[in-house]
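Contents: one structure, followed by commentary.
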Amino acid sequence: HNTIANRSLTCQPRDLSADGGITAECRLEAGGRLPAGDLARLLVRQGWARPMPDSTAALAADMDKAKAAGAGLWRGDWHIVTP
């Protein structure tokens with residue numbers, strides 16, 4: 001919520017998943033001191049999302065940095081289970 005509040009979010013559908021869901025690339029406009037860009041990457045960098053197994057190496061590197069920093073899901077005593 002805090003990442004996207006009062007900012008424009010634009011999503012472009014990319015594909016249909018096996019379960020009928022839609023995958024999309026979503027981008028945020030700049031907003032004050034908050035970063036702009038790819039929403040998935042911003043959430044992974046903040047530790048609030050994990051990349052899908054077939055994601056780019058850049059997202060995996062961002063997740064590793066979030067883990068090392070103890071950000072978001074990586075803070076505290078969370079037990080993350082891979083689906």
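We number each residue from 1, following the sequence as shown. These figures come from a predicted structure and were not determined experimentally.
Ser55 places no side-chain N or O within donor-acceptor distance of the main-chain N or O of Leu59, the cut-off being under 3.5 Å. In this structure, Arg7 contributes its side chain and Leu28 its backbone to no donor-acceptor pair below 3.5 Å.
Contacts classified as disulfide (SG to SG under 2.5 Å) and involving residues 20-69 (residues at least two apart or in different chains) are given here: Cys11-Cys26.
Once rounded to the nearest 0.5 Å, the distance linking OG1 of Thr10 with CD of Glu29 reads 8.0 Å. Expressed to the nearest 0.5 Å, how far CG of Asp15 lies from CD of Glu25 amounts to 13.0 Å. Taken to the nearest 0.5 Å, the CE atom of Met63 stands 14.0 Å off from the CG atom of Leu43. Atoms OG1 and CD, from Thr23 and Gln12 in turn, are 11.0 Å apart once rounded to the nearest 0.5 Å. In this structure, CZ on Arg50 lies 6.0 Å from CH2 on Trp74, to the nearest 0.5 angstrom.
Remark: Ala71 engages Ala66 in a side chain to side chain contact (heavy atoms under 4.5 Å, CB included) (not counting sequence neighbours). A search for side chain to side chain contact (heavy atoms under 4.5 Å, CB included) contacts involving Leu16 returns Ile22, not counting sequence neighbours.
Linking ILVMFWY residues whenever their side-chain heavy atoms come closer than 4.5 Å, directly or via other members, leaves Met52 and Leu42 in distinct clusters.
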Report task. Check the pair Asp62 / Arg45 against salt bridge (charged side-chain N to carboxylate O under 4.0 Å, His left out), numbers first and verdict last. Result -> CA-CA 5 Å; Asp62 287 335; Arg45 283 179 177 171; 3.6 Å; yes

